[in-house]
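For reference, the structure is listed below as structure tokens.
Keep in mind it's a predicted model, so treat the numbers as computed, not measured. Counting convention: from 1, in listed order, for ligands and their atoms alike.
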Amino acid sequence: MNHLEDNKSIEKLTTIGVKAKTHKYCNINDIEHLYEILKSNSLPIKVLGGGSNILWTKDFNGLTLHINNKGISIEKETNSYVVVNVQAGENWHEFVIWSINNGYGGVENLALIPGNVGAAPIQNIGAYGVELKEVFIECSAIHLRSLKNKVFSAKDCQFGYRDSIFKNKEKNNYIITSIKLKLSKQGFHKLDLKYGDIKKLIDEGPVNPHKIANAVIKIRKSKLPDPKKLGNCGSFFKNPLINNSLFDNLVKKYPDIPNYPSGGKFKIPAAWLIEKLNYKGYRIGDAGVHKNQALILVNYGNSTGIEILNLSNKIKEDVFKVFKINLVAEVNVW
Ligand code: EPU
């Protein structure tokens, strides 16, 4: 039984909610089913998880596989940590809540990041000074052509800032089916005091994963639009890393430019660059820049993927003209 659907609308399957269709679609609930579909398929494939980091700009003349396999299990437990195996189709935030409810520390700073677990290693999700790679052990993935299963260790994944082997050498070659993480039984993973907002929100007494997650949830809810109410795909661009000489030039002109030194370079918040060009709250048709967070492009209802893409290109061009910085999309444009 293949359960393929024809000519399916993907509008409700991505968080930015633009209209497009896929020629064939299959909802995958278990890995056996995935193998069965892959064995008999000859169409080009796209792999969809939570749909929170994808901008669909045209209809797709192929097969979209929607990965929804579920399950969380503890593989190993010691006095100080657990190793958990999480299936790719689990919702990331629900997994974070599961961890803190069980008293495990490690992913609390990554609360409320939209999307599914299977996508987490692809872009090495991160927030508030923590990246997935810090708790990551390995992931299992199926090679799309050979159908062989491969286990990728953290080293194999070649993690970087919002980056991994799955966005480079192995782009579109694998479907991640599960991940293994090491979580602590001895408290929270990291409280990065660079993020003053978090500290302010943590009340008296000892800090624990629960308190950090609650603070992160509060901050994210206060500035980020809820995709259920206003379509968006989170940060549209990566924060750029610039070299010393460009940074020196910019500081002379903009002494207030926020920056985070990182490996001999400087990370600049893309949101600041975009806001400086007066794009915050900007709207053209139904495509816009969010009023509280300039890094987030939003769909007010009937925007097409192309309109969002055009807006992102206009922002990119203006940022380059003024700051000589090349913004790179974090979102996958399909
Ligand atoms: N800023 C502005 N204008 C704005 C928003 C921000 O000037 O409209 C400046 C401020 O100086 C602020 C700085 O940008 O201090 C950083 O802003 P924020 O803390 O909101 O984070 P961000 O750099 O825009 C990154 C991640 C987010 C993550 C936050 C918090 C990227 C591409 N995005 O955003 O990643 O939640 O830091 O750690 O690295 C996500 O996008 O969903 C995500 C998880």
Is the shortest side-chain heavy-atom distance between F237 and E330 below 4.5 Å?
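They are not in side-chain contact.
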In Å and rounded to the nearest 0.5 Å, what is the CG to NE2 distance from N27 to H33?
8.5 Å
Does the pair E11/K19 count as a salt bridge with the N-to-O cut at 4.0 Å?
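So E11 pairs with K19 through a salt bridge.
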Can we say K8 and E5 salt-bridge, meaning some charged N sits less than 4.0 Å from an Asp/Glu carboxylate O?
yes
Tell me which residues fall inside the under-4.0 Å heavy-atom shell around ligand 1.
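Near ligand 1, by chain and number: I113, G126, A127, Y128, Y161, R162, Y195, R220, K223, S235, F237, K238, N239, P258, Y260, P269, A271, W272, E275, K280, N292, Q293, A294, L295, E330.
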Closest non-hydrogen contact found for I179 with P121 is CG2-CG, 3.8 Å
ring-ring contact (aromatic ring centres under 6.0 Å, His included) partners of H66, counting only residues at least two apart:
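ring-ring contact (aromatic ring centres under 6.0 Å, His included) check on H66 returns Y25.
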